[in-house]
Asks: 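Structure incoming, see below.
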There are 2 protein chains.
Amino acid sequence: MRIGELARLTGVSVRSLRYYEEQSLLRPERHPNGYRSFSESDVERVAQIQLLFASGLNSRCIADLLPCMCGSGTDEFTTPAPYLVDGLLPVRERIVAQITALTASLQTLDRVIAAARGPSPQG
Amino acid sequence: MRIGELARLTGVSVRSLRYYEEQSLLRPERHPNGYRSFSESDVERVAQIQLLFASGLNSRCIADLLPCMCGSGTDEFTTPAPYLVDGLLPVRERIVAQITALTASLQTLDRVIAAARGPSPQG
DNA sequence: CTGGATCCTGACACCTATGTGATGGTCGGG
DNA sequence: CCCGACCATCACATAGGTGTCAGGATCCAG
C-alpha cells in the first residue's frame with residue numbers, strides 16, 4: 001500500500017511515516033515511480049513504533065529494538081545480540097522508574113480529584 | 001534559602017529552578033537585592049515537580065496540578081475548585097494511557113531481553 | 001490536454017526542558 | 001580595595017518528533 005493509506009490505517013501522519021523511514025524504523029519498497037510501497041504488516045509495525053514512542057524511547061532505541069520484536073511473520077531475527085541487551089537494560093530501568101513515577105503521580109492526582117469531588121472525610 | 005542551596009538539596013540545576021519559576025511552578029520571594037528566597041517546603045515541592053516531569057507531564061499541566069497537591073503535609077488546601085477537576089481528568093487519562101503504554105513496552109522489552117539472554121524455551 | 005488527488009524531496013518552524021555563555025550586580029573575607 | 005563565590009538577566013543552542021509549505025512529479029479520470 002502507499003503512504004497515504006498507511007497513514008489512514010494507522011492514524012499517523014504522512015510526515016511521521018516518512019520520518020520513520022528516515023530513521024530506519026520502516027523500510028518500504030519503492031515503486032518504479034518512486035512511491036513508497038508498504039506491506040500489510042507495517043500497520044502493526046507502526047502501532048508498535050507509536051507505542052514505543054509513547055513510552056519515551058527515541059527513534060534510535062526503537063530502531064535497535066524493532067528487529068528483535070517485529071518478527072511476527074519472519075522469525076529468523078528474533079534473537080538479538082547480547083551486546084544489545086546492555087544498551088537495553090538502562091532503557092528498561094528508565095521505563096520502570098517512569099512507571100513508578102507515574103503511579104505515584106496518579107495516586108496523588110486521584111487524591112486531589114477525590115478531595116475535590118467530595119471534601120468529606122472519606123479517605 | 002537561596003537558589004544555589006535549593007539546587008544542591010534537590011539535585012536540580014539552578015537553570016531548571018529558574019525555569020520552574022518562569023513557569024510558575026515555584027514562586028520564591030525576593031530579597032531586596034533581587035536574590036530569590038526559597039522556603040524549606042520548596043525542597044519537597046521541587047521533588048514533586050521532578051516526579052511529575054518524570055511522568056511526562058509538561059510544565060503547564062504541572063502548574064495546574066501543583067496548587068492541589070503541594071500540601072502533602074499540610075492538607076488544608078488540598079481541595080481544589082471542582083472546575084479544576086475538569087481540567088485534571090484529561091491529565092489523569094493521559095497518565096493512565098502512559099502507564100499502559102509503558103507497561104506494554106516493558107513487556108516487549110523484557111521478552112527481547114529474555115530472548116537474548118537464553119534463547120532456550122524457558123518462558 | 002486538463003484538473004485533481006496523491007506522491008516525492010527539501011527545508012524551515014515549533015515546542016520544551018535544559019545546557020551554556022555573556023555581562024554585570026552583590027556580598028563576604030583577606 | 002580586591003578577589004572569589006554567588007546571584008541576576010538575556011539569549012542562543014540542543015534534541016526529537018511533528019507541522020507545514022514550496023516546488024515538482026505521477027497517475028487517473030474526463
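None of the values given here were measured: they were computed from a predicted structure. Lettering of chains follows the sequences in order, A, B, ..., and the numbering in each one begins at 1. Quick note: numbers below take in every heavy atom, side chains included, and nothing from hydrogens, waters or symmetry partners.
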Asks: Could you grab the distance from atom CG of B:L66 to atom CG of B:L52, nearest 0.5 Å is fine?
Replies: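 One gets 6.5 Å once the value is rounded to the nearest 0.5 Å.
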
Asks: Would you kindly give the CD-to-C1' distance between B:Q23 and C:dC15, to the nearest whole Å?
Replies: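 Distance check: B:Q23 CD to C:dC15 C1' gives 11 Å.
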
Asks: In whole angstrom, what separates A:L17's CG from C:dT9's C1'?
Replies: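 In whole Å, C:dT9 C1' lies 16 Å from A:L17 CG.
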
Asks: I'd like to check the side-chain contact (heavy atoms from CB on, under 4.5 Å) partners of B:S24; sequence neighbours left out, ordered by chain and number.
Replies: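 With neighbours one apart ignored, the set is B:R27.
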
Asks: Per the atom types in the model, does the base of C:dT6 pair as donor or acceptor with the side chain of A:R2 at under 3.5 Å?
Replies: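 Per atom types, no contact qualifies.
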
Asks: Would you mind reading off the distance between B:E22 atom CD and C:dT16 atom C1', rounded to a whole angstrom?
Replies: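 So the CD-C1' distance, B:E22 to C:dT16, works out to 11 Å.
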
Asks: Excluding sequence neighbours, so at least two apart, what forms salt bridge (charged side-chain N to carboxylate O under 4.0 Å, His left out) with B:R15?
Replies: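 None.
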
Asks: Expressed as a whole number of angstroms, how long is the span from A:Y19:OH to C:dA11:P?
Replies: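 From A:Y19 OH to C:dA11 P: 17 Å.
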
Asks: Once you round it to whole Å, what is the distance between P of C:dC15 and CG of B:N58?
Replies: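 Interatomic distance, CG of B:N58 to P of C:dC15: 12 Å.
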
Asks: What salt bridge (charged side-chain N to carboxylate O under 4.0 Å, His left out) pairs are there with at least one residue in residues 94-106 of chain B, not counting sequence neighbours?
Replies: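 Listed once each, the pairs would be none.
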
Asks: With sequence neighbours excluded, tell me which residues meet side-chain hydrogen bond (donor to acceptor under 3.5 Å, both in side chains) with A:R18.
Replies: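 Scan of A:R18 (side-chain hydrogen bond (donor to acceptor under 3.5 Å, both in side chains), adjacent residues dropped) gives none.
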
Asks: Give, ordered by number, those residues of residues 5-14 of chain A having at least one heavy-atom distance below 4.0 Å to an atom of DNA chain C; if nothing qualifies, reply none.
Replies: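 Output list: empty, so none.
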
Asks: Please report the distance, rounded to the nearest Å, between OH in B:Y20 and C1' in C:dT18.
Replies: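 Checked: the OH to C1' distance equals 9 Å.
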
Asks: Can you list everything that forms a side-chain hydrogen bond (donor to acceptor under 3.5 Å, both in side chains) with B:S41? Sequence neighbours excluded, please.
Replies: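 Partners of B:S41 by the side-chain hydrogen bond (donor to acceptor under 3.5 Å, both in side chains) criterion, ordered by chain and then number, come out as B:S39.
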
Asks: Kindly state each residue pair satisfying side chain to side chain donor-acceptor pair (under 3.5 Å) with at least one member in residues 48-59 of chain A, sequence neighbours excluded.
Replies: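 Applying side chain to side chain donor-acceptor pair (under 3.5 Å) to every pair that reaches into residues 48-59 of chain A, excluding sequence neighbours, yields A:Y20-A:Q50, A:Q23-A:S59, A:S55-B:S105.
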
Asks: Quickly work out the B:I49 CD1 to C:dT18 P distance and round it to whole Å.
Replies: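 Computing the B:I49:CD1 to C:dT18:P distance gives 10 Å.
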
Asks: Does anything in residues 48-57 of chain A form a salt bridge (charged side-chain N to carboxylate O under 4.0 Å, His left out)? List the pairs, not counting sequence neighbours.
Replies: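 Residue pairs passing salt bridge (charged side-chain N to carboxylate O under 4.0 Å, His left out), neighbours aside: none found.
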
Asks: With a 4.0 Å cutoff (strictly under), does any side-chain N or O of A:R18 reach OP1 or OP2 of C:dC8?
Replies: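 True: A:R18 side-chain N/O within range (under 4.0 Å) of C:dC8 OP1/OP2.
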
Asks: Does A:R45 use its side chain to pair, donor to acceptor, with the backbone of A:L25 at less than 3.5 Å?
Replies: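 Answer holds: yes.
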
Asks: Please identify the 5'-most and 3'-most nucleotides of DNA chain D with any atom under 4.0 angstrom from a heavy atom of chain A.
Replies: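 First and last nucleotides in contact are D:dG16 to D:dC27.
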
Asks: With a 4.0 Å heavy-atom cut-off, tell me which residues in residues 26-40 of chain A come close to DNA chain C, sorted by residue number.
Replies: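 Here the set is A:R30, A:G34, A:Y35, A:R36.
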
Asks: I'd like to check the salt bridge (charged side-chain N to carboxylate O under 4.0 Å, His left out) partners of A:E21; sequence neighbours left out, ordered by chain and number.
Replies: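 For A:E21 the salt bridge (charged side-chain N to carboxylate O under 4.0 Å, His left out) partners, ignoring immediate neighbours, are A:R30, A:R36.
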
Asks: Go through the structure and list residues passing side-chain hydrogen bond (donor to acceptor under 3.5 Å, both in side chains) with A:S13, not counting sequence neighbours.
Replies: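 Residues passing side-chain hydrogen bond (donor to acceptor under 3.5 Å, both in side chains) with A:S13: A:S16.
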
